[in-house]
Each structure stands twice: as structure tokens, then as C-alpha cells.
Amino acid sequence: MRAFITIITTTLFYSISYSQNIDFTLANPQPNLINVEAGSFASGDIDDDGDLDLLVAGSNPVAATALYLNDGSGNFTEDSNVPFPIANNTVTIFKDLDEDGDLDLFFSGNGNGIGAFTHIYLNNGSGEFTKKQNPSLPKFADGNATIGDVDKDGDLDIIISASDVSDNYFADIYLNDGTANFTAMGSTAFTAVKFSSLKLIDIENDGDLDVIISGIQQNKNASVALYINDGHGNFSMDTNSVFEQIIAQDIDSDDLDNDGDLDILMSGSDNNFVIPFTNLYLNNGNGLFTKLESTNLQQTFLGSNEITDLDNDGDQDIIITGSQMGGLPNILSIAYENVGNNQFVESDIFGGDYLTASVVGDFNGDDLTDVITQGHINGTKAYWNTTQVLSIENIQDTFLHRSLYPNPSNGNFFIQTHLNDHLNMKIYDINGKLMYSKKSMRGLTNFNLNLSNGLYFVYLTSKSIHQTQKLIISK
């Protein structure tokens, strides 16, 4: 959802199948961030001052962890008064785990002097964190986690697939009671893998979160499997879509072909960690995925991917960083521009690394999506997005073809389209949570939605164009 938050930083964007170059520039001066590899980033506004702060963890070559506060212009200052362990093999995720409106931290890894750990840190709203005891959460350092509301009770749950301190493989759901106390569900649906990647995704637009999990099984075979949620957090393996069995070092999801459903991008290796793969799977709208065979995306392992709008044209571009076959000199970070019709054009090569993690967001306050990477060759580097974005006057104005009224609304509003093709709609809250979706609208459509007061973003798509609008609910 981070890509959608980027889209809405200005009022409206339009996609008309035009092309422009995407450019990144090595930040000068560089933010004073610790140089690490094989770790993780977590980014979010932890102190509620309107900018993106940053947690960095990894190896240097020994373990290192640091939290940085952003001044809004990409200048980071380390906050040394934090309770986080120095760790490597980390998983770090900022989410509101206790439903108090601020970002808490899920943090697992291998800590100096403490070994494998899994900790929850609660935020007091000002960026000060306190560790919360969670004895049900397993200690691990060779796996991964994903966080979302899997049982639709309004709070965020955790799915983990990893190996424990005795190298026993496990995969389970940990249900949240709403106050960041987690209890193992005892799920047996998942194939347990370590060196894992997990992604929660609503594959069929039915309002619940399904999950795709990849990694290496205890028998040393690579695994990619999709599990369907029944809406109550009970999952069953999907047997309709066929995925290449790889060890995915990264799985990302977004609507890459602008058809109103979520597609899947994953990169990784075979089970011998030798042959690289980058696979893009397109969703037919009903949760059936087909691999896009004709793609020029670099085949990459020991790397990471990002899907986000890099040129503010309303569609989702791609960043891939990592090692291609043979390693050096074929270790690159490449930005691909989405030019429509499932075509992604190499637009910029910036730096390059492996054993990487990456994070995207507008870190310097210029309404363009930047990227920060870590890795074995260059350590931690920030690249500012210097793309020359086309102005609204240079783009065909399609707003007159669609309208949303009244706005502000009490939840009862209309969408009018004069297009000949069908219109799909999704409504997100300010945290990027999907609140409502509807497909195949034409003409005048009335909505009467029970939404809380506040600001929402209405994402409208068709085959030819799409648009984002602000919606204010005021009752």
C-alpha cells in the first residue's frame, strides 16, 4: 500500500500512456546513516510530525541498529535513546499494533548477547518506544513476517514462517487481542519455510487478506504457495494458480496493469541459491495468476523490489536491485517505467548492490518517491528522485469524464462517468487501508457507505485512464 500513499501526495494524477524518464541522483550530502547489509528497513512517521522517519538494521560486518528522525528534508538525526537491540538477520515493521493511532514496531532478529528474539515495542505517540512482553511470539532469525487483519476483527495480526532456535520449521498466525497481545492460532494450512518472504494480498477483492509465502522447506526444496482466507483467518492452499517454485527474497504486490486488481512481483533464486529469477504474475480479477512471460525485468537474487509511482503519472513503476547471474559487474539497481500494456522500460540505473534491502518514500519533502538501499558493496545509500514530472497542462485532462459529488459527503454520494469503458473504484483511508471496492461501474452510481469522519482517497481506474480523488466524510 505504500505505493498508493505516494500516488495521493498531490490532488490528482492522470495516466494517458505517455512516457517520461525516471531519474535518481545519489544524495549529496548523504544522510549520516549506518552502513549495513543483509538487514532491513522500517519507515514511517513515528513522532507525528508529518515526515518519514527510518529504522536501519543489519550487519556491518557485525550487527548494527539505529533509529533516525527526519527533519522533513531528508536530514536524519539518530535517536540514541531507544530500547532496540543491536541485531542482524532482522525483520522490522512499523504498524499500529495496539490501535492507539501511532506506529509501533515489530522487531525480530539475532541480537548481540541475546540470540534470536521477537519483540513488540509500543509507541507513546511521540516516537518513544517501550518493549511489551509477548511470550507467545516465537523467537526466530531465519524467517520473515507479515502483518494485517486476517480475521477481520479490526486489529492487526501477524503471520510468521521461519525456523526456531532448534532449527525446527514452523508457520503460524498470531492473533491480536487489540492491545498488541498475540496468541498462536495453531494454523496447519501453511507449508513451513525459512529464508522466507510473505505478502498479505486480497487476491479476489472479497475484502479479506490472503497470503503468499515463499522460502525453502525443511527438505531443502524451494516453495511458493498461495493461501486463500475464508474471511475468518482460516486459510487453505490455492491450487488454481501455478507459481514457479523459487526461494523469493522479496514479494511485492500492486495493480501493475491498472485493471483494478492486485498483481504479484517476486524475485529470488533456485534452491541452490545460484539461478536468479524475477517473475511477474498478473491477476485476472478472480485471484487466478498467470506469469507474464515477455518481460525485460532483470533476473535477480539476493536483492529486493519496490513497486511505487516514481514519476507521479498515476501508474506503478518498479525498482529492482540485486545480483544477476554471475555477480559482478552485473549487480545493479534499475528503475523501470510503466508505459502501459504490461510494458516496463528500463529508465535509470543507479548504484547496485546485493544482500540488499530497500525502502521507498518521499524522504526529502519534494513530492517525489525516493529510495534508500543497503547492501554488501555500497553499504547504506540514499538516492533522491530527480525525475522531471510533467505538469498538469502537459497532460490530457480527463477529469471532465468523471465526477464525484457531493464532496464533502455524509457517506451518501454519486460517481458519474461519461466513458464508454467500465470503471473500477477503491477507497483507501489515510493509512492506505482498503475500505471499499467496486468493479464495472458505468453511468451514474450511488453509494451509501458507513465510513467514519475523515479524509479518504478514491482510486478510479478503467482500461484507458485512472485518477485519484480526495473524499471528505463529514456527518
Side-chain angles (χ1 to χ4, degrees), residues 1-2 4-6 8-9 31-34 36 39-58 64-87 90-109 111 114 117-134 137 145 147-149 154-158 176-182 357 359-367 369-370 372 380 382 428-433 452-457:
M1 201 52 61
R2 55 180 180 261
F4 184 78
I5 296 300
T6 301
I8 61 180
T9 53
N32 188 25
L33 307 174
I34 55 172
V36 293
S40 62
F41 292 109
S43 179
D45 184 6
I46 65 168
D47 51 4
D48 196 28
D49 64 351
D51 53 44
L52 294 176
D53 309 301
L54 187 67
L55 178 68
V56 186
T65 303
L67 176 67
Y68 297 93
L69 301 179
N70 190 352
D71 70 352
S73 299
N75 301 305
F76 292 93
T77 302
E78 183 175 357
D79 182 357
S80 58
N81 187 29
V82 293
F84 311 144
I86 304 299
T90 58
V91 179
T92 52
I93 306 171
F94 282 132
K95 290 284 187 179
D96 183 6
L97 298 174
D98 57 0
E99 298 186 80
D100 65 351
D102 53 43
L103 293 176
D104 309 303
L105 176 64
F106 174 93
F107 193 177
S108 73
I114 62 173
F117 68 91
T118 301
H119 292 166
I120 299 294
Y121 296 90
L122 299 183
N123 188 348
N124 71 350
S126 300
E128 297 176 359
F129 292 87
T130 303
K131 186 170 75 171
K132 182 178 178 65
Q133 297 300 322
N134 262 275
L137 289 176
I147 298 177
D149 184 5
D155 53 42
L156 298 178
D157 312 300
I158 303 171
N176 191 348
D177 69 355
T179 64
N181 292 305
F182 294 90
V359 61
V360 294
D362 179 15
F363 293 106
N364 60 1
D366 64 354
D367 292 333
T369 301
D370 312 302
I372 301 175
T380 306
Y428 297 86
D429 68 10
I430 60 173
N431 295 311
K433 181 179 179 181
S452 301
N453 288 347
L455 176 64
Y456 296 84
F457 300 92

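Numbers here are sequence positions counted from 1.
By the side-chain contact (heavy atoms from CB on, under 4.5 Å) test, N70 pairs with D51, D53, F76, F363, sequence neighbours left out. In terms of the side-chain contact (heavy atoms from CB on, under 4.5 Å) criterion, residue partners of D48 (sequence neighbours excluded) are, by chain and number, D45. The side-chain contact (heavy atoms from CB on, under 4.5 Å) check on N75 picks up D71, S73, with sequence neighbours excluded. Scanning for ring-ring contact (aromatic ring centres under 6.0 Å, His included) contacts around Y456 gives an empty result, with sequence neighbours left out. Remark: Y68 engages no residue in a ring-ring contact (aromatic ring centres under 6.0 Å, His included) (not counting sequence neighbours). Here A357 pairs with F41, Q374 under the side-chain contact (heavy atoms from CB on, under 4.5 Å) rule; sequence neighbours left out. T92 pairs by the side chain to side chain donor-acceptor pair (under 3.5 Å) definition with S40, not counting sequence neighbours.
Using bins of under 30°, 30° to 60° and over 60° for the plane-to-plane angle, the ring pair F117/H119 lands in the tilted bin.
Here the shortest heavy-atom pairing between A180 and L122 reads CB-CD2, 3.9 Å. I114 and P85 get closest at one heavy-atom pair: CD1-CB, 3.9 Å. In terms of heavy atoms, N134 sits closest to N181 at OD1-CA, 3.6 Å. Summarising the geometry of G74 relative to P31, their closest heavy-atom pair is O-CG, 3.8 Å, with the distance given to 0.1 Å. Here the closest non-hydrogen pair linking A64 and I34 is CB-CD1, 3.8 Å.
Taking OG1 of T130 as the reference point, atom CD1 of I120 lies at 13.0 Å (rounded to 0.5 Å). Atom CG of residue L103 and atom CD1 of residue I93 lie 12.0 Å apart, to the nearest 0.5 angstrom. Note that the CG atom of L69 and the CG atom of D79 stand 5.0 Å from one another [nearest 0.5 Å]. Of the inter-residue distances, the one linking N32 atom CG with E78 atom CD reads 8.0 Å to the nearest 0.5 angstrom. We find the CG-CG distance between D370 and L52 to be 9.5 Å, quoted to the nearest 0.5 Å. In this structure, CZ on F129 lies 4.5 Å from CZ on F84, to the nearest 0.5 angstrom.
Counting heavy atoms of neighbouring residues, nucleotides and ligands inside a 6.0 Å radius, atom CG of N124 exceeds 12 of them.
With respect to L67, the side chain to side chain contact (heavy atoms under 4.5 Å, CB included) criterion is satisfied by exactly one of T77, V56, I46, L54: I46.
Put simply, the side chain of D47 never gets that close to the backbone of G127: no donor and acceptor are under 3.5 Å apart. T90 places no side-chain N or O within donor-acceptor distance of the main-chain N or O of G109, the cut-off being under 3.5 Å. The backbone N or O of S108 lies less than 3.5 Å from no partner atom in the side chain of T118, so there is not a single donor-acceptor pair.
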Q: Take N176 and I158, measure what side-chain contact (heavy atoms from CB on, under 4.5 Å) needs, and give me the verdict at the end.
A: CA-CA 8 Å; N176 191 348; I158 303 171; over 6 Å; no
Q | side-chain contact (heavy atoms from CB on, under 4.5 Å) evaluation trace for I147 with L97 | A | CA-CA 9 Å; I147 298 177; L97 298 174; 4.1 Å; yes
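For the side chain to side chain donor-acceptor pair (under 3.5 Å) condition, no pair includes a residue of residues 94-106, sequence neighbours left out.
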